[in-house]
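So that the names make sense, note that chain A is the first sequence line, chain B the second, and so on, each numbered from 1. This is a predicted model, so every value here is computed, not measured.
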Amino acid sequence: MSRDKTNQKSIRSMIQENKSSRSQSAVMEKVVPKIFLICAIISIFTTLGIVFTLLTETFTFFNRVSIVEFFTNTRWFPFTADKNADYGILALVMGTLTVTAIAMVVAIPVGLAAAIYLSEYASAKTRKLIKPILEVLAGIPTIVYGFFALTFVTPLLDSIIPGGISIFNALSPGIVVGIMIIPMIASLSEDAMNAVPNSMREGAMALGATRFEVAMKVVLPAALSGVMASFVLGISRAIGETMIVTIAGGSRPTADINVTESIQTMTAYIVQVSQGDTGYGTTIYYSIYAVGMTLFVFTLIMNLLAQFISRKFREEY
Amino acid sequence: MSLINKESVKKRMGSRVAANGFAKFLFILATSFSLIVLGVLIYRILVDGLPYLSLDFITNFASRMPERAGIWAALLGTIWIMAVTAPVSFILGVGTAIYLEEYAKKNAFTKFVQVNIANLAGVPSIVFGLLGLTIFVRLAGLGSSVLAGGLTMSLLILPVIVVASQEAIRTVPKEIREASFGMGATKWQTIRRIVFPAALPGILTGTILALSRAVGETAPLLVLGALAYVAFVPENLFSQFTVLPIQLYNWTSRPQEDFHMLAASGIIILMIILLIMNSIAVYIRNKFHKRF
Amino acid sequence: MDITINKQLVQKDIKKEEQFTPVFKINNLNLWYGQDHALKDIKFDIPEKQVTAIIGPSGCGKSTFIKTLNRMVEMIPIVRMSGEIVYREKNIFDPKYGVEELRTQVGMVFQKPNPFPKSIYDNVAYGPRIHGIKNKKVLDEVVEKSLRGAAIWDEVKDRLNENAYGLSGGQQQRLCIARCLAIEPDVILMDEPTSALDPISTLKVEELVQELKKDYSIVIVTHNMQQAARISDRTAFFLNGEVVEYTDTSTLFSNPSDKRTEDYITGRFG
């Protein structure tokens, strides 16, 4: 007991003695949050960097090419002698929108149906089996999808479609972009439907509604904002998708769309220029920033729209 | 007289049940569609890729002759890029998350940072390539180097790591923070010794998943000017480089069938790497799942 | 007549208070959660090396009060306070008095057992370590002594490196007490430490509290009046943020001077 007592004294006094090192730790207490604040500010600088980069280089581009031509010309032919070059963004935008539209035709019905199945029909066991597979599908690199589009989907379409299809076309990458987006729409929509309380389902079921009626008339309307937001985010992903369209879409910008023919998207154009030997400072070099800016604005609008939808129409149960 | 005609309800019931059955069939079909596609994709890649797959394929450099081509330079390039991206994105991402969850006051600035991170996550990866090209390659004068590529990739996956880390930190219960403060620990001591270790499994899972996304990314590095044909391995941070997906892109975009098969072989290697990374992430997630 | 009796009681109280050395002197403590006036003009002294129980119905401010003693209450952002709490001749609200230093002296055991997700050893060694003690031999000694002090050594001595989450609720709470003892505090605050425990674990903790008061001053919040009667030397009865009555435990339970105290201890409300 007496040994204990002396020991007790010593611990307390040892802690007291260590007070001197407190000043050191007091400095840490002040410095550490500042370091973390800097980390947080870097994310803001990233956004600022993107906006600044795109704006300044786009500005240089518009010093050489009229902004009116950029928005009104329907031809995009930069790789000719400077005075013959055409810079009409519409040709690239049409390419992008075509692929996006095809992708959504695939992704929305399939993704939504999968979401309804998983949330309303599937047993817990089935869900546990299917969700990881969807995760795998979502984790496959786009280069792999691109390979798949070019070496499998395009030949397949060529044999199905009467009259055949070009080796580079809008349809094949469009379908594959859609396949890539299915897991995203399925999982976000399923989250929204899962958030609908069971009491609402039970209420309808007790009146004798079938599962299908419950899904369509109760769950889907209640989860509509989340489902719509998932569609918009899917569109945003499709617009920004690069490798699939670069590999399988071709490099023929045109505003005159034929889905079985070669097209070029905004993203594919940026890759094409980066892969070529275009020198720094040429008009073509600056054009990728103008295209990048257009792309950025498109996706930003979609992302803000998705946020707006899910905030404005937030379900209140 | 009854308002509801029981007979007609009964009659309609049959068609409603049939509609339900048909809809269920369609939903299952749609769900299986994804699974079938995945199956076909894997099957095709294995059929195309297995013939060229060998140890030589891994240790050879790229070549104009398909039978002698390999992925050594690309594989090491990917490892070099990850060696930059992993620490940079981890430190920045976790630092931001700790700031937002532990230090930030609930004010306009904090909200702005949070909204900004959400929006950054939605920016197409190719735009990050343009950012890297201007800032790192040109302004900072790094050239198309491993360092420029790694830093660009870090910024690309930063939002994913921040969000995952924030979620992990939020699962650490208030009670054990209180216990630490109650013993006279300072805020930083509590974060470093209690909150961070407790949140680490979640943070690691999120980071590994984010890095696996970076391993498969092609577009930003293409824009940065990463080389498509490389017959050397990077020697330091300022070396030029290629990565696995770019090598695969190069092979895929050639017309010859043989190169497509090489691409498929490379895809097998890439998918194995991703599978390993994802398995580690899932293992960590399951092992430490729901401790609180 | 009534008045004289009250006066006598008050005098008796004063006499008693003269007998002990106060470890805490609370003067006109007021506390608000936003607009809600949660503690009103609290004024009493807490004795050294005794067990002081705080009782009262839920929402009476007893938990809030105990958390002011080590300033844990400040973790809630909307809290405002006035008045003073003097701990060993120092006002704890003095800006020069570091909150970490206060909490090193005034330890706390919480309502729900809250061990860290670490090994049993690391849980107990946490306090000494954050206060700069790194010597392995010293830490080993402290861990053993604290676990013995919390009457849990025999149950865990063979699995010190196992995770604390593997222990039962009662063991976890005694581990939390051991963790608190490891930095040799002067005062131990206990906020309903047995409310999440089964009767047998509760008994063990109560016995432990009796043991600990030889070396420590203990303030314990409890919703259980029998517990207060069993283990405490002095009891304060809180109602609606006020101290209705504060005296030695036997007097409070056998001969309460306030009608409201009597109503509460006889079970008419609360």
State whether a side-chain donor-acceptor pair under 3.5 Å links B/N119 with A/Q307. yes

Just by distance, no angles: are the side chains of B/T134 and A/Y289 close enough, under 3.5 Å, to form a donor-acceptor pair? yes

I want to check something: taking the side chain as every heavy atom from C-beta on, are [X] and [Y] in contact at a cut-off of under 4.5 Å?
{"X": "B/L131", "Y": "A/T46", "value": "yes"}
{"X": "A/F36", "Y": "B/L100", "value": "no"}
{"X": "B/S34", "Y": "A/I179", "value": "no"}

For each of [options], tally heavy-atom pairs with chain B at distances under 4.5 Å, and name the one with the top tally.
{"options": "A/G208, A/C39, A/G292", "value": "A/C39"}
{"options": "A/F296, A/Y145, A/Y285", "value": "A/Y285"}
{"options": "A/L37, A/I38, A/I50, A/V136", "value": "A/L37"}

So what's closer than 4.5 Å to chain B heavy atoms on [X]: side chain, backbone, both or neither?
{"X": "A/I133", "value": "both"}
{"X": "A/L54", "value": "side chain"}
{"X": "A/T246", "value": "side chain"}
{"X": "A/E241", "value": "neither"}
{"X": "A/I140", "value": "side chain"}
{"X": "A/S43", "value": "both"}
{"X": "A/L112", "value": "neither"}
{"X": "A/V32", "value": "side chain"}

In terms of side-chain geometry, is the basic nitrogen of A/E29 or B/K187 positioned less than 4.0 Å from the acidic oxygen of its partner? no

